[in-house]
Amino acid sequence: MTYDYEWFKKAIYDLTKIDLSSYKEKQMKRRIDTLITKNKIVGYDKYVTALKDQSNLFDEFVNYLTINVSEFYRNTDQWKLLDQEIFPDLIKRYGKNLKIWSAACSTGDEPYSLVMALSRHLPMNQIKIYATDLDKQVIAKAKAGLYGEKSIAGVPDDLKKKFFTKVGPSYQISEEVKSRVEFHEHNLLKDTYPTDYHMIVCRNVLIYFTEEAKEEVFRKFQKTLRPGGYLFIGSTEQIINHKEIGLERKNSFFYQKPL
């Protein structure tokens with residue numbers, strides 16, 4: 001048997017249900033080869049065996065595979081638009097019980113930012129964010145809610161003062177904010193999507209997917225949204241065929257499902 005990358009992709013799917021075929025191959029293979037070399041393992045077959053036998057290696061692999069670059073209020077101009085136009089429109093249209101999904105939420109910076117941003121418009125006890133990620137390690141970090149100074153640099157000063165406590169060199173987010181986010185594991189390429197949401201936030205993740213996988217995710221997002229609901233994507237992304245998918249482009253980063 002040839003233990004090449006094609007064999008490895010099948011073995012990883014059997015082990016983790018992560019479909020490496022949906023990622024850009026050259027980029028992902030390079031990342032994986034680097035990790036295997038770092039662990040001084042020779043050959044994909046031996047690495048798969050090690051992943052099965054050693055939970056620390058398995059966790060490291062999933063963590064390394066998923067892209068976890070995140071920060072609060074990333075691209076602040078987009079958050080101003082969210083605050084000044086998108087949230088008021090949603091609240092006017094649907095009332096105060098908004099259903100918002102932070103997909104591929106990484107270490108929690110994004111869903112916690114959503115809670116803080118919404119707190120300017122709604123009572124805290126009426127805010128609920130559904131947050132998902134493929135990687136259980138980053139979900140654990142998100143639940144811990146401890147961040148470095150660089151991560152929270154973009155948070156408006158009044159919200160930073162209100163919702164963060166300095167702990168040594170780090171900052172702990174308040175229980176008041178944490179309690180408004182519900183975290184779950186979810187694979188965008190495999191798992192069932194939730195339904196009837198007013199907004200989906202999924203930023204700077206799909207750039208790592210193939211065009212086919214990306215389109216499939218956008219189509220599923222469109223089905224998840226209620227008419228009039230918004231999709232908020234990253235500054236490095238755009239939906240070329242948004243009309244075909246069934247979305248209207250409001251600006252570079254916000255797309256709306258027609259009413």
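For reference, positions follow the sequence shown, starting with 1. Predicted model, so just to flag it, every value in this text is computed and none were measured.
- The closest donor-acceptor contact from the side chain of Gln172 to the backbone of Val167 lies at 3.5 Å or more, if one exists at all.
- Among all heavy-atom pairs drawn from Ala142 and Tyr112, the shortest one is O-OH, 2.7 Å.
- Considering only residues two or more places apart in sequence or on other chains, Tyr3 meets the side-chain contact (heavy atoms from CB on, under 4.5 Å) condition with Met1, Trp7, Asp45.
- In this structure, the side chains of Leu134 and Glu185 stay at 4.5 Å or more apart for every pair of heavy atoms.
- Every side-chain contact (heavy atoms from CB on, under 4.5 Å) that Thr49 has, sequence neighbours left out, goes to Asp53.
- Residue pairs meeting the ring pair (Phe, Tyr, Trp, His ring centres under 6.0 Å) criterion with at least one partner in residues 139-163, sequence neighbours excluded, are Phe72-Tyr147.
- Looking at heavy atoms from C-beta onward, Tyr47 lies out of side-chain contact with Lys52 at the 4.5 angstrom threshold.
- A salt bridge does not link Lys220 to Asp191: none of the charged nitrogens lies less than 4.0 Å from a carboxylate oxygen.
- Between the side chains of Asp133 and His184, no donor-acceptor pair is found at a separation under 3.5 Å.
- Between Tyr193 and Lys223, every side-chain heavy-atom pair lies at or beyond the 4.5 Å cut-off.
- A single hydrophobic cluster is seen to contain both Tyr5 and Phe61, as judged by linkage of ILVMFWY side chains at heavy-atom distances under 4.5 Å, directly or through other members.
- Judged by a 6.0 Å distance limit and a 45° cone about the ring axis, Lys214 is not positioned over the six-membered ring of Phe209.
- Proximity of a side-chain donor or acceptor of Glu71 to a complementary backbone N or O of Asp109 within less than 3.5 Å is not detected.
- Put simply, the side chain of Ile152 reaches to within 4.5 Å of the side chain of Val155, judged on heavy atoms.
- Annotation: Lys166, atom NZ; neighbour count of heavy atoms from other residues, nucleotides and ligands within 6.0 Å is above 12.
- None of His121, Arg120, Gln78 except one satisfies the side-chain hydrogen bond (donor to acceptor under 3.5 Å, both in side chains) rule with Asp83; the exception is His121.
- Contact between Pro194 and Tyr197 at its shortest, heavy atoms only, is CB-CE1, 3.5 Å.
- Residues Leu51 and Ile12 have side chains in contact (heavy-atom distance under 4.5 Å, counting atoms from C-beta outward).
- The residues Lys38 and Glu60 are annotated as salt-bridged, a charged nitrogen and a carboxylate oxygen being separated by less than 4.0 angstrom.
- With sequence neighbours excluded, the residues forming a side-chain hydrogen bond (donor to acceptor under 3.5 Å, both in side chains) with Glu215 are Arg219, Asn241, listed by chain and number.
- In this structure, Ser102 contributes its side chain and Cys105 its backbone to no donor-acceptor pair below 3.5 Å.
- A donor-acceptor pair shorter than 3.5 Å cannot be found between the side chains of Asp4 and Thr2.
- Between Lys128 and Glu182, at least one side-chain nitrogen of the basic residue sits less than 4.0 Å from a carboxylate oxygen of the acidic one, meeting the salt-bridge criterion.
- Looking only at distances, no side-chain donor or acceptor of Glu110 sits under 3.5 Å from a matching main-chain atom of Ala104.
- Val177 and Leu146 fall into different hydrophobic clusters, where Ile, Leu, Val, Met, Phe, Trp and Tyr side chains are chained together by heavy-atom contacts under 4.5 Å.
- The nearest pair of heavy atoms linking Tyr94 to Gly228 is OH-CA, 3.5 Å.
- Applying the side-chain hydrogen bond (donor to acceptor under 3.5 Å, both in side chains) test to Gln126 and every residue at least two apart in sequence or in another chain returns nothing.
- Checked by atom type, the side-chain pair His242/Glu244 shows no donor-acceptor distance below 3.5 Å.
- The only option from Met199, His186, His198 that meets the side chain to side chain contact (heavy atoms under 4.5 Å, CB included) definition with Trp101 turns out to be His186.
- A donor-acceptor distance shorter than 3.5 angstrom exists from the side chain of Lys257 to the backbone of Leu225, with no hydrogens or angles considered.
- Listed for the Arg203 side chain is no donor-acceptor partner under 3.5 Å among the backbone atoms of Ala103.
- Atom NZ of Lys190 has more than 12 neighbouring heavy atoms from other residues, nucleotides or ligands inside a 6.0 Å radius.
- A salt bridge links Lys29 and Asp33; the closest N-O separation between the charged side-chain nitrogens and carboxylate oxygens is under 4.0 Å.
- Judged purely by atom type and a 3.5 angstrom limit, Arg180 uses its side chain to pair as donor or acceptor with the backbone of Asn125.
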> Run the side chain to side chain contact (heavy atoms under 4.5 Å, CB included) check on Leu57 and Ile41 step by step: do they pass?
Replying inline: CA-CA 11 Å; Leu57 280 185; Ile41 296 172; 4.2 Å; yes
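- Linking Ile, Leu, Val, Met, Phe, Trp and Tyr whenever their side-chain heavy atoms come within less than 4.5 Å puts Leu114 and Met124 in one cluster.
- For Lys9 and Glu25, the salt-bridge test passes: some basic side-chain N is under 4.0 Å from an acidic carboxylate O.
- Rounding to the nearest 0.5 Å places CG of Leu188 at 10.5 Å from CZ of Phe218.
- When all heavy atoms of Gly234 and Asn204 are compared, the closest pair comes out as CA-OD1, 3.5 Å.
- Contact of the Tyr130 side chain with the Lys99 side chain is not registered, since no non-hydrogen atoms from C-beta on lie closer than 4.5 Å.
- Formation of a donor-acceptor pair under 3.5 Å by the Lys96 side chain with backbone atoms of Leu122 is not found in this model.
- A side chain to side chain contact (heavy atoms under 4.5 Å, CB included) with Tyr230 is found for one member of Asp89, Ile200, Leu82 and no other, namely Asp89.
- The closest donor-acceptor contact from the side chain of Lys141 to the backbone of Thr107 lies at 3.5 Å or more, if one exists at all.
- Residues meeting the side-chain contact (heavy atoms from CB on, under 4.5 Å) test with Leu81, sequence neighbours left out: Glu85, Asn251, Phe254.
- Side-chain contact annotation: Gln238 with Arg249, donor-acceptor N/O pair under 3.5 Å absent.
- The backbone N or O of Tyr73 lies less than 3.5 Å from no partner atom in the side chain of Thr76, so there is not a single donor-acceptor pair.
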